[in-house]
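Every chain is numbered from 1, with letters handed out A, B, ... down the list of sequences. Keep in mind it's a predicted model, so treat the numbers as computed, not measured.
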Amino acid sequence: MKAWLAHHLQSLRTAAARFRAAPLATLFTVLVIGIAVALPAGLYALLLNLDRAAGGARPLPELTLFLKTDVGAEQGARFAAALKNDADVADTRFISRDDGIRKLEAMGLGDLAAGLPDNPLPHSILVTPATGEPERLEALRERLAGDAVVERVMLDAAWIKRLDALLGLGRDLVFLLAVLLGLALAAITANTIRLQIYAQRDEIEVAQLIGATDRFIRRPFLYFGAIQGVSGGLAGWCIVMLAGWSLQAGVAAVAAAYGVDFRLAGFGLGELLPLLAISAALGWLGAYFAVSRALREMEKF
Amino acid sequence: MIELSDVTKRYPGGHEALSELSLKIAQGELIFLTGHSGAGKSTLLKLIAALERPTSGTIVVTGQNVGRMKRAALPYFRRNIGLIFQDHKLLYDRSVIDNVLLPLHIQGMIGADAAKRARAALDKVGLLGKERARPITLSGGEQQRLCIARAVVSRPALLLADEPTANLDSAYARDIMDMFRAFNQVGVTLLIATHDLDLIHQYGGRQVDLAHGRLVRA
């Protein structure tokens, strides 16, 4: 166990020494990886902020239940109270037909109501759903419409669907971009490792001659690839944060023009850590691929 | 210890370096492999060390069929063999002691134990005072001795040396040969390819003579 640990430390030291040997080349590679990481990460951050901005402006949709005309006020109120126990329902408000007509009058439509011989309105219930998800809203609507006391349910969810579809498209774009640039990251790493292997050909050959396993030879390169990936991930994060910071004033101005207070949110630890883990893994993968290829080419046996 | 039967090695392009060679080497032997350049000496050493595969025939070293060995088994096999090269194959970007430590690191030996053994090996070849030096600052004879120290540090039972004294003047060459004899006296099997016949006469041992890939004298 101790030897194993010491061995990994040794590999790590070797990898670090290789960074020190070519600081400028390393810096450029890290920068290139950083930009590759920053593109999908930045788009993702933009999407998060967009979602947040929309969420802040979005009132939860309301469902209006019109009860059947033969349902009495008392029964309607009981039904409204019972609905509150539904998991998908946050709140309900019973509006009796008298309240309804008064509301109409308050809205200046009193003349219209006065012209009618009888109050034409049914009792109604305003339902505030617990969720904004279009699918669950739709399910709730259907469930409520199926009830015996309900005549009709109205739900205006079209704009929620549109926004959701747009955000979904954005997420797909981020995913696509992340896959493409992840491949690029692995390829960049593979290329730098390939150059390194070329420079260290003698060392690898000698190590093979005196009984080094592929794993032994591969290890420092894998560390190198992973460290380079993490550094690139950090650089990408810095780029995104810098971009966000430089856009902050502009965004605040736009938000102010719309009369809202909105500030860009950056990446927290919850986003940074997976980002670094993924870049490390991709760097590792690129290195693994490059070294395995080189080892196959070098072995004459 | 080593048994070759009808071993042929043909390189791509058709050149046949060894032709149907059969040879037995017992444990603890000191063998000089002689012959003109291109006679197949280096090829024979490479085949025994599992650096190359024979085209046909079988090579058994310490009970293992070298030609049939899987790639993953090669490193472990090679650890039992000390290789000494004419061009030393030292790593010039690290110190003398780090060169000797490399085989031990490869075998997972690290720390004070490894350092002790590396220093013991350097002591044997008379380089203890230069452990922090860079190999490039050493003379040709010293570089060859460093190569020997690296080969013996993991205490292999078999040492293979390809023209170890080729680029050395006779005083240095004798130094090296004395070392080899000392290893042989403690039971190490030695196979030394050389064309320096004077040396052989001084040191005795069995002579295996090759010509055009065939055995002339065993």
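- The local environment of CZ in B:F77 is crowded, with over 12 non-hydrogen atoms from other residues, nucleotides or ligands closer than 6.0 Å.
- Between A:E203 and B:L102 there is no side-chain heavy-atom pair separated by less than 4.5 Å.
- Counting non-hydrogen atoms of other residues, nucleotides and ligands closer than 6.0 Å to CZ of A:F28 gives a total of 12 or fewer.
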| B:R71 and A:D214: side-chain contact (heavy atoms from CB on, under 4.5 Å), yes or no, with the steps? | CA-CA 10 Å; B:R71 200 175 126 54; A:D214 288 354; 2.6 Å; yes
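- Judged by distance alone, the side chain of B:R79 and the main-chain N or O of A:I210 form no donor-acceptor pair under 3.5 Å.
- For a residue to count as touching a neighbouring chain, one of its non-hydrogen atoms must lie under 4.5 Å from one of that chain's; by this rule B:N80 does not touch chain A.
- Contact check on A:E205 versus B:K89 returns no salt bridge, with no Lys/Arg side-chain nitrogen under 4.0 Å from an Asp/Glu carboxylate oxygen.
- Smallest separation of non-hydrogen atoms from A:Q208 and B:R78: O-NH1, 2.9 Å.
- For chain A, the nearby part of B:F85 is the side chain; its heavy atoms alone come within less than 4.5 Å.
- Between B:L51 and A:L209, the shortest heavy-atom distance links the atoms CD2-CD2, 3.3 Å.
- The closest side-chain heavy-atom distance from A:T213 to B:Y76 is below 4.5 Å.
- For CZ of A:R13, the number of neighbouring non-hydrogen atoms (other residues, nucleotides, ligands) closer than 6.0 Å is greater than 12.
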